[in-house]
Amino acid sequence: MAWFMLFVAGLMEVGWAIGLKYTDGFTRLVPSMLTLAAMAASLALLGLVLKTLPIGTAYAVWTGIGAVGTAILGIVLFGDPATMARLLCIGLIVAGIAGLKLVT
């Protein structure tokens, strides 16, 4: 259950990172409220996960999910460059997340 909660916490991190783009510097109410809610949910879930999983593993996986998800959505939603080097680096992060899951 902890790994599932960590995955959801990572998705919430993606949500608030992408949400920041839509807040327009926290000047738009609805996107700002949704972004803040995603931040709170992400941190709350991470806190619960830390009761079970080692902090180094949980934090690395949480930030990895956030980084990969945000990078992919940046490409899809905002036209960020999808160069081979960038995609390779995203793949390396995914490999690191999978490796941490396998050894924990």
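No hydrogens, no waters, no symmetry mates; every other heavy atom, side chains included, goes into these values. Given the structure is predicted, the values throughout are model-derived calculations rather than measurements.
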Co-members of the apolar cluster containing M39 [side chain, <4.5 Å] = W16, L20, F26, L36
Linking I/L/V/M/F/W/Y whenever any side-chain heavy atoms sit under 4.5 Å apart, do I18 and L34 land together?
-> no
Can you name the nearest heavy-atom pair linking I90 to A71, along with the distance?
-> CD1-CB, 3.7 Å
Can you find a pair of side-chain heavy atoms, one from T23 and one from R28, that are under 4.5 Å apart?
-> no
Would a hydrophobic clustering, with Ile, Leu, Val, Met, Phe, Trp and Tyr connected at side-chain separations under 4.5 Å, put M1 with W3?
-> yes
Tell me, which pairs form a side chain to side chain donor-acceptor pair (under 3.5 Å) where one or both residues lie in residues 33-56, sequence neighbours left out?
-> S42-W62
Taking all non-hydrogen atoms of both residues into account, name the closest pair between A2 and V49 and its distance.
-> O-CG2, 3.5 Å
Does Y59 belong to the same Ile/Leu/Val/Met/Phe/Trp/Tyr cluster as L92, with side-chain heavy atoms less than 4.5 Å apart forming each link?
-> no
M12 vs L43 side-chain heavy atoms within contact, under 4.5 Å | no
Do V94 and V76 share a hydrophobic cluster, counting only Ile, Leu, Val, Met, Phe, Trp and Tyr and linking them when any side-chain heavy atoms are less than 4.5 Å apart?
-> yes
Report yes if the side chains of L6 and L45 come closer than 4.5 Å at any heavy-atom pair, otherwise no.
-> no
So does I55 have more than 12 non-hydrogen atoms from other groups sitting under 6.0 Å from CD1?
-> no
Which pair of heavy atoms, one from I65 and one from L11, lies closest together, and at what distance?
-> CG2-N, 4.0 Å
Could you tell me which non-hydrogen atom of L53 sits nearest to which non-hydrogen atom of A58, and how far apart they are?
-> CB-CB, 4.2 Å
Without placing hydrogens or testing angles, list every side-chain donor-acceptor pair under 3.5 Å for residues 96-104, not counting sequence neighbours.
unit_1	atom_1	unit_2	atom_2	d
T104	OG1	T57	OG1	3.4
T104	OG1	L100	O	2.8

Roughly how far, to the nearest 0.5 Å, is the CG atom of L87 from the CD1 atom of I72?
-> 8.5 Å
Mind running side-chain contact (heavy atoms from CB on, under 4.5 Å) on R86 and D80 for me, showing each step along the way?
-> CA-CA 10 Å; R86 183 177 207 154; D80 291 353; 3.8 Å; yes
Flag yes if more than 12 heavy atoms outside F4 fall under 6.0 Å of its CZ atom; otherwise flag no.
-> no
Minimum heavy-atom distance between I75 and A82, given as atom pair plus value = CG2-CB, 3.8 Å
